[in-house]
Amino acid sequence: MSLRLYNSRTRALEDFAPLEGNRVRIYMCGLTPSADPHLGHARSMLFFDVLRRYLEFLGYAVTYVQNVTDIDDKIIRRAADEGVAWYEVVEKYYGSFVASLERLGVRRPDVEPRATEHVPKIVEIIRGLEQKGIAYESDDGVYYSVRAWPKYGQLSGRHIDELLESVRIDASERKRDPLDFALWKKQKPGEPAWESPWGPGRPGWHIECSAMSWEYLGEPFDIHGGGLDLIFPHHENEVAQTEPLLAGKPMANFWVHTGLLFFDGSKMSKSLGNFVPLDEELRRHDPRALRTLFLQIDYRKQANFTVDSISAATKGLQRLGETLAELARRGGVERIDGPGALDALRSPSPAVEGMARAFREALDADMNTAGALAVLFGWLAAARTLEGDQAAQAARALYGALWILGVAPAGDRLAAPRVEATLDAARAAALRSLCERLCGYANSGGVREWVEAILDLRRQARQERNWRRSDELRDALAGAGIVVKDSKEGSTWTVVD
RNA sequence: GGCGACAUAGCCAAGUGGUAAGGCAGAGCUCUGCAAAAGCUCCAUCGUCGGUUCGACUCCGACUGUCGCCUCCA
C-alpha cells in the first residue's frame, strides 16, 4: 500500500517513492504577482498543501519550495500604469495572495524564493547553456536555441515543427529561430535591471524556476508542481534549460499538474478578466467551505466554480464538524491541532481501523480527496454510536483526517456556538435597541451580552410555558440576524450571514 | 488547422470489466410546545450509435456536445 501519483512526465500513474532517503523535495510554481490572485490560484496551492500534508502523514520529511516570479513584463507594465515601483506592485499583490492563502489554511512554504534575488544562479545556468552551444547572445538578450536540444517538446507533447506553424513572430525580438525564448533580457530605457555578463538586464520568464529549484532542492528533485496551463511553455522551457546540464537525468522525477478552474463556464484568467479577486471571494464564503469544495473535485479535472456549489460544501462540512464535536465531547478529547493529530490515524484503534484504511486507500489513489471525504461521511453514522474511549479514538482519528485535508474546525466551534459578533454595525445597533426595549437596558458588553439578556427573558417565558412570548422573542432576534435553536441541553444561537 | 481533456441522478461529484461513493437539494419518519438543528430511511444505470466480451458505465471505434493548450496565465 503506497501512494500512487499521476506523473505528467511519463503520462502514467506511478508508485511514489523519494529519490533520496526519506526526504521529499517539492517545487511548486507560485505566482507572478502582477494582478489580484483568484480562486484558480488558490485551487492549485490548496491541492499541493494537501499533498504536502499527506506526505508528512506518510512519514516523509517534506521540503516545499514555492517561488515568486517578482519581475516580468506585466509587473513592469503594471507599475507604469499605477505610477509605482515594480517592487511595490509585487508587494501589493503577493501580500494579498499570502494573506488569502493563510485564511484558506494553506501552510506557508518552507522557502519562497524570488527571481530577482537569484540572479547569480540564473547567470550560472545561462553560462552553462552557452558553453553547451544551446544559448546564444543577440542584440537584445540571450536566447535559448530550441533546436539545439533534441528533447524539446517532450514534456508537453509538442513537436517543434507543429509549434512553428502557429507561432507568433515578434519582429522586435532578435532571435535566430521564432521558437527560441529569452533567457536574459537586456535592459530597455526605464526598466529595472541587474548586472550580468551580458550587461544590465533581467531574467526571462522560465529561467528563475530552473535556478531556484536547483538552488534549494538540488537536481534532480522529487516533485515539480503547477497548474496545467504551465506545462507549455513554462515547464517545457524549464526542463529544456535544466536537463542539458544534468547528464541525462530528468529535472524532476514527478510532474504533477492541477486542473484549471472555470467560472461560469470559462477559464478564470487574468487576461480574460472574468474572475473575482481571491480576497473578495474569501469575504463572501467560509474559507474551509471553499477548501471542501475543491477537495470534492478530482485535482486534475477542470472544475467549474459556481456560487451554488459552495453552499453544499458548507453544509456538509458543518455536519462533519458537529459529529466531531460530539465525539470529542463524549470521549473527553480536547482539540488536537497539527501533526499531533495524526497518530490516531496512523495506528488506528479497532473502532476506526476501517475508516483509517479506506481514507488512506483513497488518498493513495492519486490523491482522491473526494473519495477520502466520502469515506469520512460514510463513517459518520457508525461513529455516532461510539462512546467513551472508542469515541475518543474516533475523535482523534477524525482530527487527524481533517488535518490532512486542512478542514479541521476552528477551536471555538467545538467549545461553544460562535459568539463573537460578526454582525455589521447596523444590525448590531438594531440588536442593542431591541435589548433596551425588551430588558429596559442594554449594557456595554456588546452583541453577545445583548443576545444572552434577551434569551434569558425567553428562557423565563419557556419555563412558564408562555410559548407565544417565546416565539415572539425568537422572531425578534431573527429579525436582528440572530437564529436561535433549541435543544434538550438549552438554546444556542448563531449569527446569520 | 494541430494536440488534448471531459460528458455519471435537480445541482456538485467519486468510481470499477461483473450489475453505480459522497455532499447539497427533495420526500417520509424520529425528536420537539412549535420552529430550527440533529438523527434514521428513500431517491440514478452512467451523452448517442456500433464493436469486443459469458458480462461494459468501465475496453475499442464512430458521432454529438462542452472545454482547454498551441500567446501571458495556477
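Note that the structure is a prediction, hence the values are computed from the model and not measured. Throughout, protein chains are lettered first and strands after them, A, B, ... in sequence-line order, and every chain is numbered starting at 1.
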From the list B:rA25, B:rA74, B:rC40, which nucleotide is the closest neighbour of the side chain of A:Arg384? B:rC40
Going by purine N1 to pyrimidine N3 plus the second Watson-Crick contact, or the G-U wobble pair, all under 3.5 Å, which nucleotide sits opposite B:rG10? B:rC24
Interatomic distance, A:Glu238 CD vs B:rA74 C1' [rounded to whole Å]: 13 Å
Taking atom C1' in both B:rU19 and B:rC54, what distance in whole Å separates the two? 14 Å
On the side chain of A:Arg474, is there an atom forming a donor-acceptor pair with the base of B:rA35 - under 3.5 Å, no angle test? yes
Checking N1-N3 plus N6-O4 or O6-N4 for Watson-Crick, or N1-O2 and O6-N3 for wobble, each under 3.5 Å, the partner of B:rU53 is none
Euclidean distance, atom CG of residue A:Leu405 to atom P of B:rG23 [Å, nearest integer]: 15 Å
Nearest-Å distance, CG (A:Leu320) to P (B:rC24)? 10 Å
Mind checking whether A:Tyr216 and A:His118 have parallel, tilted or perpendicular rings, split at 30° and 60°? perpendicular
Rounded to whole Å, the CE-P distance (A:Met367 to B:rG15) equals 13 Å
Respond yes when some side-chain nitrogen or oxygen of A:Arg319 is under 4.0 Å from OP1 or OP2 of B:rG23, and no when none is. yes
Under a 3.5 Å limit for both distances, which nucleotide forms a Watson-Crick or G-U wobble pair with B:rU48, could you say? B:rA62
When the P atoms of B:rU8 and B:rG47 are compared, how many Å lie between them, rounded to an integer? 6 Å
Interatomic distance where CG belongs to A:Leu363 and P belongs to B:rA14 [whole Å]: 14 Å
Nucleotide of B:rC40, B:rG23, B:rG33 approaching A:Gln296 most closely (side-chain heavy atoms): B:rG23
Can A:Phe377 be classed as stacking with the base of B:rG22, given a centroid separation cut-off of 5.5 Å and a plane angle cut-off of 30°? no
Whether the side chain of A:Asp73 and the base of B:rC72 hold a donor-acceptor pair under 3.5 Å is what I'd like checked. no
Is a donor from one side chain sitting under 3.5 angstrom from an acceptor on the other, for A:Asp70 and A:Thr116? yes
Could you check whether the rings of A:Trp255 and A:His257 sit parallel, tilted or perpendicular, using 30° and 60° as the cut-offs? parallel
Can you find a side-chain donor-acceptor pair between A:Tyr64 and A:Asp49 that sits under 3.5 Å? no
Whole-angstrom distance between B:rG26 and B:rC11, as gauged at atom P: 15 Å
Kindly say if A:Lys301 contacts the phosphate of B:rA7, meaning a side-chain N or O under 4.0 Å from OP1 or OP2. yes
Phosphate OP1/OP2 of B:rC12: any A:Asn304 side-chain N/O under 4.0 Å: no
When the ring planes of A:Phe57 and A:Tyr54 are compared, do they come out parallel, tilted or perpendicular, using 30° and 60° as the limits? parallel
CG/A:Asn466 to CZ/A:Arg458 distance, rounded to the nearest 0.5 angstrom? 11.0 Å
Could you label the plane-to-plane angle of the A:Phe305 and A:His285 rings as parallel, tilted or perpendicular, counting under 30° as parallel and over 60° as perpendicular? perpendicular
Give me the distance, rounded to whole Å, that separates B:rC43 from B:rA27 when you measure between the C1' atoms they each carry. 8 Å
Does a nitrogen or oxygen in the side chain of A:Lys485 sit under 4.0 Å from OP1 or OP2 of B:rA35? no
Candidates B:rG68, B:rG15, B:rG22 - which lies nearest the side chain of A:Asp298: B:rG15
Closest to the A:Phe262 side chain, choosing from B:rC67, B:rC34, B:rA74: B:rC67
In whole angstroms, the gap separating P of B:rC67 from CG of A:Leu261 amounts to 15 Å
Among B:rC70, B:rG23, B:rA13, the one nearest A:Ile297 by side-chain distance: B:rA13
Is there a side-chain contact between A:Leu398 and A:Trp379 (heavy atoms, below 4.5 Å)? yes
Using only modelled atom types and a 3.5 angstrom limit, is any donor from either the side chain of A:Arg462 or the base of B:rG33 paired with an acceptor on the other? yes
Less than 3.5 Å between a donor and an acceptor, one on the side chain of A:Asn368 and one on the base of B:rG15, is that the case here? no
For A:Trp467 and B:rA36, give me the distance from atom CH2 to atom C1', rounded to whole Å. 15 Å
Roughly how many Å is it from CG in A:Leu293 to C1' in B:rA14, rounded to a whole number? 14 Å
Reported CG-to-CD1 distance for the pair A:Asn253 and A:Ile223, which is rounded to 0.5 angstrom: 8.5 Å
In whole angstrom, give me the gap between the C1' atoms of B:rA7 and B:rA13. 13 Å
Which ones in residues 227-236 of chain A lie close to RNA chain B, meaning a heavy atom under 4.0 Å from one of its atoms? A:Gly227, A:Asp229, A:Leu230, A:Phe232
First of A:Gln302 and A:Leu260 reached from the 5' end of RNA chain B, by closest nucleotide: A:Gln302
Nearest-nucleotide 5' precedence on RNA chain B, A:Asp471 against A:Ala381: A:Asp471
Between B:rA62 and B:rC69, how many Å separate the two C1' atoms, rounded to a whole number? 25 Å
Measuring only the C1' atom in each nucleotide, how far is B:rG28 from B:rA20? A whole number of Å is fine. 24 Å
From B:rC34, B:rA21, B:rA74, nucleotide with atom closest to A:Ala370 side chain: B:rA21
Looking at B:rC3, which nucleotide sits across from it as a Watson-Crick or G-U wobble partner, both distances under 3.5 angstrom, or is there none? B:rG68
Any strand counts, and the cut-off is 3.5 Å on both contacts for Watson-Crick or G-U wobble. Which nucleotide pairs with B:rU30? B:rA38
Can you tell me, in whole Å, how much space there is between the P of B:rC6 and that of B:rC60? 11 Å
Short side-chain to backbone donor-acceptor contact, A:Arg4 and A:Ala365, under 3.5 Å: no
Give a yes or no on whether the backbone of A:Val239 and the side-chain of A:Thr242 come within a donor-acceptor separation of less than 3.5 Å. no
